[in-house]
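A, B, ... follow the sequence lines: proteins, then strands. Residue 1 opens every chain. All values derive from a computational prediction rather than experimental measurement.
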Number of protein chains: 2
Amino acid sequence: MKIKNQNIVIDGIDKKILRALMADARTPILEIARQVGISGAAIHQRLRKLEKSGLIDGSKFIINPKVLGYTTMAFVGVYLDKAVSNPEAVKQLRNIPEVIECHYTTGNWSIFIKMLAKDNEHLMHVLNKEIQSINGVSRTETFISLQQQIDRQIKI
Amino acid sequence: MKIKNQNIVIDGIDKKILRALMADARTPILEIARQVGISGAAIHQRLRKLEKSGLIDGSKFIINPKVLGYTTMAFVGVYLDKAVSNPEAVKQLRNIPEVIECHYTTGNWSIFIKMLAKDNEHLMHVLNKEIQSINGVSRTETFISLQQQIDRQIKI
DNA sequence: TTTGAAATCGGTTGACG
DNA sequence: CGTCAACCGATTTCAAA
């Protein structure tokens with residue numbers, strides 16, 4: 001991921017624009033303009049500046065996985081054999097749609113993942129049949145999220 | 001979080017709408033209409049149905065924390081004293097802006113968090129001064145994400 | 001559910017302080 | 001940086017099929 005500008009300076013108006021769009025990506029520019037008291041064209045210009053700086057990494061509709069039956073979230077620490085190339089394991093993990101995050105981490109695990117499953121049976125299937133069958137995976141440690149209490153972005 | 005309808009049925013057109021908006025929340029409805037070959041009004045109706053079902057949990061601009069200098073992501077397992085109320089600890093964690101996720105989890109930790117920091121010094125400060133000073137926190141275990149390889153939502 | 005049309009509103013640009 | 005004005009495209013609603 002390329003960072004185009006580390007020295008981006010954002011003022012109070014930029015913050016208001018970002019906060020509005022972080023809360024609802026479809027907030028009309030003109031509505032933001034009315035709220036902050038400058039013209040829509042000015043907001044538009046500032047948004048282009050913020051996009052060029054790389055600060056804005058796109059926008060997304062957020063899907064509630066529970067409505068699709070994915071009621072279980074789990075974190076999984078993965079131990080890999082020393083001889084195995086980690087990128088190959090990541091490539092395999094990418095093919096498992098239940099895996100929604102994957103990190104190389106410090107500590108005992110080689111790889112740390114966040115995943116979704118419909119229920120415990122489904123979770124067990126992904127762990128034992130999908131993840132464990134990846135070449136080089138020796139062992140996993142699983143932590144089920146009983147409840148997520150905080151989910152947010154960095155404060156602007 | 002209330003789920004209004006667990007038995008939502010989504011067809012191929014709904015999937016195309018969702019995929020377009022999951023990739024870019026500001027994709028014009030009329031552009032989606034052109035891509036899937038039905039009218040904008042029909043897309044509009046379907047979106048209202050999807051929103052009512054609870055499947056769509058809003059939309060967000062995604063901020064790249066690296067551009068703000070937050071180059072370090074870490075996962076922290078938190079041990080709480082048995083006597084302490086977990087909700088009180090979560091309340092304190094909510095006041096630490098660097099904490100971006102917080103879960104009650106199975107396993108040895110009471111609470112598991114994901115956090116951002118500008119560098120290792122900042123990380124240490126948050127761990128030792130902010131988190132450790134929360135009443136009931138006895139110990140933490142930290143895993144730094146060296147690199148995030150996968151970051152996505154559930155597949156539609 | 002879908003459409004087309006109508007009305008309203010938002011996005012985008014360019015010239016200019 | 002900011003405004004204004006103008007143009008064009010998007011959103012929203014509704015009657016009809």
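For CG of Asp81(B), the number of neighbouring non-hydrogen atoms (other residues, nucleotides, ligands) closer than 6.0 Å is greater than 12.
The stretch residues 13-24 of chain A has no heavy atom under 4.0 Å from DNA chain C, so no residue of it qualifies as close.
A pairwise comparison of heavy atoms in Ser39(A) and Ala33(A) identifies C-CB, 3.8 Å as the closest pair. Annotation for Ser133(A) and Glu130(A): closest pair OG-O, 3.1 Å, computed over non-hydrogen atoms. Contact record, Ser145(A) with Phe75(A): CB-CE1, 4.4 Å, taken as the closest heavy-atom pair. The two residues Pro65(A) and Ile154(B) come nearest to each other via the heavy atoms CB-CG2, 4.4 Å.
In summary, Lys118(A) and Glu98(A) do not engage in a salt bridge, as defined by a charged side-chain N under 4.0 Å from a carboxylate O. With salt bridges taken as basic N to acidic carboxylate O contacts below 4.0 Å, one links Lys49(B) and Asp14(B). With salt bridges taken as basic N to acidic carboxylate O contacts below 4.0 Å, one links Lys114(A) and Glu101(B).
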Write out a two-atom table: protein N or O, nucleotide N or O from nucleotides 7-11 of chain D, distance below 3.5 Å.
{"from": "dA10(D)", "atom 1": "OP1", "to": "Arg34(B)", "atom 2": "NH2", "distance (Å)": "3.4"}
{"from": "dT11(D)", "atom 1": "OP1", "to": "Arg26(A)", "atom 2": "NH2", "distance (Å)": "2.6"}
{"from": "dT11(D)", "atom 1": "OP2", "to": "Ile29(B)", "atom 2": "N", "distance (Å)": "2.7"}
{"from": "dT11(D)", "atom 1": "OP2", "to": "Leu30(B)", "atom 2": "N", "distance (Å)": "3.3"}

What protein N or O atoms touch nucleotides 15-17 of chain D N or O atoms at under 3.5 angstrom, if any, and at what distances?
none

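Within the structure, salt bridge (charged side-chain N to carboxylate O under 4.0 Å, His left out) contacts touching residues 141-156 of chain B (residues at least two apart or in different chains) are Arg139(B)-Glu141(B).
Using the six-membered ring where Trp is involved, Trp109(B) and Phe112(B) have ring planes that are parallel, under 30° apart on the 30 and 60° scheme.
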Next item on the list: Tell me, with the steps shown, if Arg46(A) and Ile38(A) meet side chain to side chain contact (heavy atoms under 4.5 Å, CB included).
Entry: CA-CA 11 Å; Arg46(A) 281 166 173 270; Ile38(A) 63 175; 4.1 Å; yes
Item checked: Test side chain to side chain contact (heavy atoms under 4.5 Å, CB included) applied to Leu123(A) and Asp119(A), step by step -> CA-CA 6 Å; Leu123(A) 173 61; Asp119(A) 48 35; over 6 Å; no
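The side-chain heavy atoms of Thr140(B) and Ile131(B), taken from C-beta on, include a pair separated by under 4.5 Å.
In the 5' to 3' direction, nucleotides of DNA chain C lying under 4.0 Å from heavy atoms of chain A begin and end at dG10(C) to dT13(C).
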Item checked: Base-pair map of DNA chain D as dot-bracket, where | denotes pairing with a different strand and pairs are Watson-Crick or G-U under 3.5 Å -> .||||||||||||||||
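The six-membered or imidazole ring of Phe61(B) lies away from that of Phe61(A), with a centre-to-centre distance of 6.0 Å or more.
In this model, no donor atom of one side chain and acceptor atom of the other lie less than 3.5 Å apart for Asn86(B) and Ser110(B).
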